[in-house]
J.: 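The structure is given below, and queries will be raised subsequently.
Worth knowing before you read on, the calculation uses all heavy atoms, side chains too, and leaves out hydrogens, waters and symmetry mates. Order of the sequence lines fixes the chain letters, A, B, ..., with proteins taken first and strands second; residue numbering starts at 1 for each chain.
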2 protein chains.
Amino acid sequence: MTHSPLRPPTMADVARLAGVSHQTVSRVLGDHPNVRDETRAKVQRAIEEMGYRRNSSARALATRRTRTLGVVASNTTLYGPASTLFALEEAARAEGYLVSTVSVRKLTVETLSEALDHLSDGGVEGVIAIAPQRSAVEALAELRRPFPVVAVGTGSASTVPSANVDQHLGARLATGHLLAAGHRTVWHLAGPEDWQEAADRVAGWRATLEEAGVEPPMPLRGDWSPLSGYRAGQELAGWVGRGLTAVFVANDQMALGVLRALREAGVRTPQDVAVVGYDDIPESEFFAPPLTTVRQDFSTVGQRSIALLLDLIEGRTPSGTAQIAIEPQLVVRASTYPYASPPGTAPPG
Amino acid sequence: MTHSPLRPPTMADVARLAGVSHQTVSRVLGDHPNVRDETRAKVQRAIEEMGYRRNSSARALATRRTRTLGVVASNTTLYGPASTLFALEEAARAEGYLVSTVSVRKLTVETLSEALDHLSDGGVEGVIAIAPQRSAVEALAELRRPFPVVAVGTGSASTVPSANVDQHLGARLATGHLLAAGHRTVWHLAGPEDWQEAADRVAGWRATLEEAGVEPPMPLRGDWSPLSGYRAGQELAGWVGRGLTAVFVANDQMALGVLRALREAGVRTPQDVAVVGYDDIPESEFFAPPLTTVRQDFSTVGQRSIALLLDLIEGRTPSGTAQIAIEPQLVVRASTYPYASPPGTAPPG
DNA sequence: GAGGTCATTGTGAGCGCTAACAATTCATGG
DNA sequence: CCATGAATTGTTAGCGCTCACAATGACCTC
């Protein structure tokens, strides 16, 4: 760090100082075995002294590997996508890769295409698309790029390689939990129609009810926001006393709105209506009442999807066939059980 | 797109197909003026036909510009940092830059140093550090790197160039609003001690009270989480009837906890105690009651900080002197005014 | 019609690194 | 004491692009 030339030192500079060839410096940097310890030490010293760092562009040009991955994320601060993003970066860094991100406001063929091009121009070797909207999955299938693309959050609909939490199972856990608590039926406030994960949760909820011999009521729709949950909650409140005793809400934020609407309508949770959410955001423990919900392990999602993408880059896995499912987990809180233990009523049917 | 050679086409390939020199292709790509329209069209056609894309590594090597910026973010899903991250990427992309992110779990000299090295190895031309913790600011000042670093979220303490929302002003807006509503004094639930923004909010709150001739009570401490807000709320509930009528909480999530604790203690908001939060997260409108809070415009933060960083990279701005302040905004909701209009009581003093 | 100017295009030399191969050193055994 | 091969080091040629400069040709002007 003693010098301060206008241009950063090159490998040749280090080689000169160490009295070796640039190739030997390269070997030291690359942990090549056939270098004498003494030489290695000499080179290391020169590197330290000059504060030398390998030029990544030159390296990338020579090796044809940039060691950079791209991530396309929706421009959102939703808990799921944000958590996934961090988990992805961490997993990628552990493998020595840099992560470049592009955030898009809407997931359409155009925006996705632009995002992929931007990343492509940045030289990424592969891309993870956090693409929860169904349109995005279709767009992704359509957009061929010279590098592999792995989707995350696409639910069951992935025609592209993907890693996903098993949403169907998550919905089953939530719905089954309510049925096991003695509820005759379970209503559902679903997420946006074009989100595959929302559709999968609907399917899991519906299947669980049908297997229990219950005709599923018409699901309500929200847009993930507390406001939409609030609106739906007002509607749901009107059904209390007419068979509505339990609601499975497709995410925690909407559940927050539902809880508020119910409270305002004089409906008690969970005594009158039990509520289950989805995601287990940090706040859900502090809702009134604390929310029973389904937890997704985003850290695992990150690791598995990065592993899959690297496999694809190395050509270890046939593209198009790789689908990874990750198990979610039910977290029981006061919004379904007001007291310590469940009613213990056997499920109907 | 018709060919599919093992290696992607190079500029020379395109040149050959178009019947020109590689340099002419380069000129077309670079929008150089002195190219005949006919030639340009010919080249464009060849580019299309081969699906050619410039190799970014080669370009970076030749120009010594990677057109990549780095961002260091705390591994968090807090609303502020997440919003900032997206805003930064958008602003950078608008300037033609790619953004590489590194997320760290803790902001220490070691983790920051590693993060900067990782980005440095990725060839970034500059870095934005989302560094709200005071320790991070110090660490940043200590860590010299061969590229400029701009801090965001460092509040007033930046010894490095930075762009920040004026936290002092935000706290004044919140506190002044409560005083203007007739409250004799305002309590404060602060954020973590080592967050500079938290300290700035404390300072703004304290200054406002002192200017009104009020002795500030001892501030309480939280860690931004709803749980810590809940705990503090329980403590605050004990002071109701002994002079506590208004609380300024340093973020919305803690305010959520405070609201719940107050409610459980039989304290009504805002009739017994008025509460103001900070951030204006999307959920705060749906708290019980809807939360009065201070909104920060992260999109502006993103644009201004990227602009500053690019100035620094181009050498347009002397390093170390650049500090940008952005104005926050008060959003009034039911947690301070139960009815349509404020009490209209004149502030004391 | 010679000389000059301008627009347009081409040529050659790197950018800093790695990969392949060539050269050297060194220990070892016959 | 030299041949033999392994260990170690050096040399050369690109990777695909941009930059500086040279070359070409069209079009004027006097």
J.: Separation of A:L29 atom CG from C:dA19 atom P, in whole Å?
T.: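 My rounded result for the distance is 12 Å.
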
J.: If you pin B:R64 and B:N34 to their nearest nucleotides in DNA chain C, which one's is more 5'?
T.: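 Taking each residue's closest nucleotide, the earlier one in sequence belongs to B:N34.
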
J.: How many Å lie between CE on B:M50 and C1' on D:dG16, as a whole number?
T.: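 Value for this atom pair: 14 Å.
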
J.: Toward the 5' end of DNA chain D, which comes first, A:Q23 or A:D37, by nearest nucleotide?
T.: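 Whichever sits nearer the 5' end wins; that is A:D37.
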
J.: B:T24 side chain N/O closer than 4.0 Å to the phosphate oxygens (OP1, OP2) of C:dG10?
T.: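 Checking B:T24 against C:dG10: at least one side-chain N or O falls below 4.0 Å of OP1 or OP2.
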
J.: Could you pick out which residue, B:A58 or B:R40, lies toward the 5' side of DNA chain C when each is mapped onto its nearest nucleotide?
T.: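 Result: B:R40.
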
J.: Can B:E142 and B:E138 be said to form a side chain to side chain contact (heavy atoms under 4.5 Å, CB included), step by step?
T.: CA-CA 6 Å; B:E142 194 172 317; B:E138 291 161 13; 5.6 Å; no

J.: Taking 4.0 Å as the cut-off, does a side-chain nitrogen or oxygen of B:T10 come that near to OP1 or OP2 on D:dG16?
T.: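 Indeed not, no polar side-chain atom of B:T10 lies that close.
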
J.: Would you please say whether a donor-acceptor pair under 3.5 Å links the side chains of B:S100 and A:S100?
T.: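 Yes.
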
J.: I'd like to know if A:R27 reaches the base of D:dG10 with its side chain, counting only an N/O donor and acceptor under 3.5 Å.
T.: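 Counting by modelled atom types and ignoring angles, a donor-acceptor contact under 3.5 Å is found here.
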
J.: Does C:dT9 have OP1 or OP2 sitting under 4.0 Å from an N or O in the side chain of B:R36?
T.: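 Yes, because at least one side-chain N or O of B:R36 sits under 4.0 Å from OP1 or OP2 of C:dT9.
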
J.: Would you say A:T63 reaches C:dT18's phosphate, i.e. side-chain N/O to OP1/OP2 under 4.0 Å?
T.: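 No, no such contact exists.
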
J.: Got a second to check how far A:D13's CG is from A:M50's CE, nearest 0.5 Å?
T.: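 Nearest 0.5 Å value for the CG-CE distance: 5.0 Å.
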
J.: Please say whether more than 12 non-hydrogen atoms of neighbouring residues, nucleotides or ligands are located less than 6.0 Å from CZ in B:R65.
T.: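 It does: B:R65 CZ has more than 12 such atoms within range.
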
J.: Scan A:S57 against the nucleic acid and name what it touches under 4.0 Å (heavy atoms): base, sugar-phosphate only, or nothing.
T.: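 Counting heavy atoms under 4.0 Å across all strands, no contact is made by A:S57.
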
J.: Give the rounded distance in Å between these two atoms: NE2 of B:H22 and C1' of C:dA13.
T.: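 These atoms are roughly 10 Å apart.
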
J.: Rounded to the Å, how far apart are B:N55 CG and C:dC17 P?
T.: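 Distance check: B:N55 CG to C:dC17 P gives 17 Å.
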
J.: Check the phosphate of C:dT18 against A:R54, side-chain N and O only, distance under 4.0 Å to OP1 or OP2. Yes or no?
T.: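 True: A:R54 side-chain N/O within range (under 4.0 Å) of C:dT18 OP1/OP2.
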
